[in-house]
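Numbering of ligands and ligand atoms starts at 1, following listing order. Values reported hereafter were calculated over all heavy atoms of this structure, with side chains retained and with hydrogens, waters and symmetry mates removed. These figures come from a predicted structure and were not determined experimentally.
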Amino acid sequence: MKKNLLFPFDDLLVKGAIFSIYGSMGPEAVFFYPFPSDSTYSFPEMDNHASSKFEQRNYMQIAVKSISLLLVDYSFEDEKNLQLKDVHIFGVLPYPDLNCIGLTYFTYFFSQERKRFIPVSLSLLVHENKRSFIYDSINRLKKPTKDFTQYLIELCIKNKIYSELEGQDYWENVLTKFIDFFGEIQKIQNQPISPITKKRRIKILFTGLENTGKTSFILTVKRKFSGLPTILPSTEPMNEPLNFLGTTIMKWDIPGKKDFRKAILENSELYLFESDVIYYFIDVMAPRIDESLEFLAKVMDKLHEYESKIPIVFIITKVDEDVADSIEIKDAIAEIRQSHLKIIGDHPYKFFNTSIFSIYSVLNAFSYGLRNLSPNREMIEHLLWGFLARNEFVTGLLVNESGLVLAAQQVNVKGPEDVLNRKQIFEIAAPQFAILAKQFQSFDDKISDTIKYQFSEKDIIILKRFIVEDFAFFYIFYTKKPESLKNLEKNFPEFLDRIRNLLLLYIK
Ligand SMILES: Nc1nc2c(ncn2[C@@H]2O[C@H](COP(=O)(O)OP(=O)(O)OP(=O)(O)O)[C@@H](O)[C@H]2O)c(=O)[nH]1
Ligand SMILES: [Mg+2]
């Protein structure tokens with residue numbers, strides 16, 4: 001009797017899964033399902049299998065893109081190469097000719113036999129019009145995707161599979177696993193968080209007690225300094241759109257007065273349930289810790305109710321430069337952290353100290369929350385790290401036109417050298433954004449514009465401006481080695497090409 005392995009997932013949004021490895025001949029799709037329409041396989045039960053509208057060459061294209069894009073120049077031969085061992089990257093790649101986006105998991109395994117790391121990817125194809133399924137479900141999709149990839153990796157290691165050909169004897173087992181995997185995805189799809197749409201909707205929430213600096217923070221992000229001196233306590237929730245790389249983000253500024261705080265909890269479906277990030281404010285000058293904890297605990301209860309794992313970005317405000325180093329302030333910060341941490345348990349979080357007099361502190365804290373919304377942050381950071389390491393740079397920042405930091409990486413410098421920190425680097429470079437923008441009006445995306453500063457013999461900052469789909473971006477590179485600049489012009493274009501693909505889907 002024939003086994004019933006029909007593709008039983010007609011309405012599944014994932015239209016194909018492709019497992020690729022960088023084998024002997026470069027990237028190759030080794031296992032995939034459904035089969036490509038021009039597949040040459042013949043199994044006894046072949047007729048029972050769904051075939052796809054994609055062709056073999058499409059799967060090849062996916063293998064090449066999903067693997068090559070993320071390869072960084074690095075030694076693959078060193079088994080103790082911790083950096084490669086720890087690479088578990090998720091991201092979303094564009095496949096415009098297939099009208100699809102691909103949720104991609106990229107990792108390496110070490111082959112004892114080949115004595116080197118082998119890059120691997122698993123790609124899930126979803127139609128562009130259903131992209132929000134991927135963005136909304138990415139966290140739930142990660143575990144089954146990782147587990148399935150791990151199964152395939154172990155199969156490859158055990159049976160020495162490094163190519164599609166060498167995999168052919170194992171299809172029967174693999175097929176059942178594919179079906180199971182699609183079943184898991186179907187389950188996730190059947191419990192959508194929000195309606196599946198073409199456009200992504202993002203909502204971020206600013207909350208905390210009154211007078212903690214929420215509205216000032218938002219004005220600082222918007223660089224509306226003229227509004228700052230006259231700022232009044234907010235008297236109603238303010239709902240305002242922010243255009244971030246072509247995606248609209250709704251910012252909710254909730255007044256901190258007690259009644260309004262209550263309103264958040266009472267209307268939690270509106271304010272909390274659909275939020276993607278919460279910025280929670282605490283005034284370092286008047287922390288009112290008990291009151292703040294009481295409110296935060298209620299917010300957390302609601303989030304637990306919704307089983308929401310959205311990150312909480314704690315903003316400790318008014319840490320102005322002239323007081324930041326005083327013992328009182330340091331103690332206050334420590335106490336705020338400790339007490340608030342107890343409430344949030346294992347929920348994802350991050351603390352920032354900010355002052356409206358340091359734009360960087362505000363932009364950096366704000367960017368962190370937005371970075372968390374990008375499915376491609378890990379990919380961009382991985383490539384940036386590889387680029388820094390290869391060119392012997394210390395620090396790299398990727399910043400958009402409004403000064404939001406989309407990616408930041410640092411490579412450790414050996415020895416006791418003085419290294420500028422990110423804040424210093426940003427503050428040196430940022431005033432030049434406008435100059436670069438004025439000097440070079442070119443919207444030719446092949447051109448990138450450069451400014452170089454040399455402060456001292458061993459402190460060099462390079463600013464590069466480039467355009468992707470009408471949005472301007474800046475790279476800020478920092479190096480201690482003048483020699484490292486030699487390769488920059490040579491290596492940058494290729495790096496930029498790869499980043500471009502990822503930036504296209506940074507958030508939308
Ligand atoms: N020194 C200093 N003052 C700040 C800072 N941020 C905000 N403030 C001041 O703190 C006061 C309250 O700021 P708001 O932005 O109105 O606070 P809020 O959290 O929006 O208050 P509500 O709308 O009542 O919830 C204002 O007088 C601000 O000027 C800061 O970083 N440093
Ligand atoms: Mg306010």
Side-chain angles (χ1 to χ4, degrees), residues 203-242 249-268 270-272 275 277-296 298-299 312-337 340 350-369 403-405 423 426-427 430:
K203 202 160 105 184
I204 57 183
L205 197 70
F206 296 82
T207 187
L209 304 186
E210 67 265 42
N211 202 41
T212 47
K214 298 177 290 294
T215 307
S216 310
F217 182 95
I218 294 170
L219 286 172
T220 307
V221 168
K222 286 161 54 186
R223 315 274 219 295
K224 290 274 156 62
F225 302 118
S226 52
L228 281 173
T230 54
I231 192 163
L232 294 169
S234 310
T235 52
E236 57 184 331
M238 278 286 285
N239 160 353
E240 207 187 23
L242 159 89
I249 297 183
M250 293 311 299
K251 294 195 265 85
W252 284 86
D253 177 7
I254 314 291
K257 267 222 171 342
K258 202 161 183 184
D259 294 347
F260 290 108
R261 267 183 265 150
K262 241 171 64 195
I264 291 196
L265 301 166
E266 280 162 6
N267 299 308
S268 55
L270 173 62
Y271 293 118
L272 293 177
S275 286
V277 191
I278 293 180
Y279 293 86
Y280 189 90
F281 285 68
I282 305 147
D283 174 356
V284 80
M285 293 300 185
R288 296 160 63 196
I289 288 184
D290 291 342
E291 218 179 324
S292 177
L293 294 182
E294 193 190 322
F295 176 51
L296 181 64
K298 288 182 185 152
V299 169
I312 314 265
V313 184
F314 287 102
I315 311 285
I316 305 179
T317 55
K318 311 190 192 177
V319 188
D320 299 342
E321 205 178 341
D322 52 337
V323 295
D325 289 328
S326 75
I327 295 176
E328 292 82 5
I329 296 292
K330 285 194 164 155
D331 286 351
I333 291 174
E335 201 190 337
I336 291 169
R337 281 171 164 255
H340 285 76
K350 176 109 178 158
F351 278 94
F352 287 93
N353 305 333
T354 65
S355 162
I356 52 171
F357 304 109
S358 158
I359 297 190
Y360 176 76
S361 73
V362 170
L363 290 178
N364 185 45
F366 183 56
S367 312
Y368 175 83
L404 298 175
V405 183
K423 175 170 182 287
F426 182 90
E427 282 170 357

**Message:** Is there a side chain to side chain contact (heavy atoms under 4.5 Å, CB included) between Ile282 and His340? Walk through the geometry before answering.
**Reply:** CA-CA 10 Å; Ile282 305 147; His340 285 76; 3.6 Å; yes
**Fill in**
Under 4.0 Å between heavy atoms, the region of Ile231 that gets near ligand 1 turns out to be side chain
**Prompt:** Does Thr354 reach ligand 1 with a nitrogen or oxygen that is under 3.5 Å from one of the ligand's nitrogen or oxygen atoms?
**Reply:** no
**Message:** So if I count the atoms of ligand 1 from 1 in the order they appear, which ones are less than 4.0 Å from some heavy atom of Pro255?
**Reply:** 25 (O)
**Message:** One residue to check: Phe357. Relative to ligand 1, which of side chain, backbone, both or neither has a non-hydrogen atom less than 4.0 Å away?
**Reply:** side chain
**Short N or O distance, Glu210 and ligand 1, threshold 3.5 Å exclusive** = no
**Prompt:** Nearest protein heavy atom to atom 10 (O) of ligand 1, by residue and atom, and its distance?
**Reply:** Lys318 NZ, 3.0 Å
**Item:** Under 4.0 Å to a heavy atom of Gly213 - the qualifying atoms of ligand 1, by number
**Value:** 7 (C), 13 (O), 14 (P), 15 (O), 17 (O), 18 (P), 19 (O)
**Message:** Distance check, rounded to the nearest 0.5 Å: Asp283 atom CG versus Thr317 atom OG1?
**Reply:** 4.5 Å
**Interatomic distance, Ile278 atom CD1 to Ile204 atom CD1 [nearest 0.5 angstrom]** = 11.0 Å
**Message:** Please report whether ligand 1 has a polar contact with Asp320, defined as an N or O pair separated by less than 3.5 Å (distance criterion only).
**Reply:** yes
**Prompt:** Do the ring centers of Phe281 and Phe314 come within less than 6.0 Å of each other?
**Reply:** no
**Request:** Rounded to the nearest 0.5 Å, what's the gap from CG on Asn239 to OH on Tyr271? Could you check?
**Result:** 8.5 Å
**Request:** Give the numbers and elements of all ligand 1 atoms closer than 4.0 Å to a heavy atom of Pro233.
**Result:** 23 (O), 24 (O)
**Message:** What protein N/O/S atoms are there under 2.8 Å from the Mg ion (ligand 2), waters excluded?
**Reply:** Thr215 OG1, Ser234 OG
**Request:** Verify the ring-centre separation between Phe206 and Trp252: is it less than 6.0 angstrom?
**Result:** no
**Item:** Where Lys330 and Ala324 come nearest, the two heavy atoms and their spacing
**Value:** CG-O, 3.9 Å
**Request:** Tell me yes or no: between the side chains of Thr215 and Ser234, is some donor less than 3.5 Å from an acceptor?
**Result:** yes
**Prompt:** Lys298 and Glu266: salt bridge (Lys or Arg N to Asp or Glu O under 4.0 Å), yes or no, with the steps?
**Reply:** CA-CA 11 Å; Lys298 288 182 185 152; Glu266 280 162 6; over 6 Å; no
**Asked** For atom CE of Met250, is the number of surrounding heavy atoms from other residues, nucleotides or ligands below 6.0 Å larger than 12?
**Response** yes
**Message:** One pair to check against side chain to side chain contact (heavy atoms under 4.5 Å, CB included): Thr354 and Val319. What are the steps and the verdict?
**Reply:** CA-CA 6 Å; Thr354 65; Val319 188; over 6 Å; no
**Message:** Can you report which non-hydrogen protein atom sits closest to atom 20 (O) of ligand 1, along with the distance?
**Reply:** Thr215 OG1, 2.8 Å
**Prompt:** Can you list the steps and then say if Lys258 with Glu294 is a salt bridge (Lys or Arg N to Asp or Glu O under 4.0 Å)?
**Reply:** CA-CA 11 Å; Lys258 202 161 183 184; Glu294 193 190 322; 5.4 Å; no
**Message:** I'd like to check which ligand 1 atoms, numbered from 1 as shown, lie under 4.0 Å from a non-hydrogen atom of Ser216.
**Reply:** 6 (N), 7 (C), 13 (O), 14 (P), 15 (O), 28 (C)
**Asked** Going by the order shown, which atoms of ligand 1 are within less than 4.0 Å of some heavy atom of Gly256?
**Response** 22 (P), 25 (O)
**Prompt:** Which atoms of ligand 1 sit under 4.0 Å from any heavy atom of Ser234?
**Reply:** 22 (P), 23 (O), 24 (O)
**Message:** Which residue and atom name correspond to the protein heavy atom nearest atom 11 (C) of ligand 1, and how close is it?
**Reply:** Asn211 OD1, 3.2 Å
**Item:** Protein contact to atom 31 (O) of ligand 1 [nearest heavy atom, distance to 0.1 Å]
**Value:** Ile356 N, 2.8 Å
**Asked** Out of curiosity, is Thr317 lining ligand 1, as in a heavy atom under 4.0 Å away?
**Response** no
**Prompt:** Could Lys214 and Asp253 be called an ion pair, given the rule that one side-chain N must be under 4.0 Å from one carboxylate O?
**Reply:** no
**Greater than 12 external heavy atoms within 6.0 Å of Glu335's CD** = no
**Prompt:** Is Thr212 touching ligand 1 with its side chain, its backbone, both, or neither, if touching means heavy atoms under 4.0 Å apart?
**Reply:** both
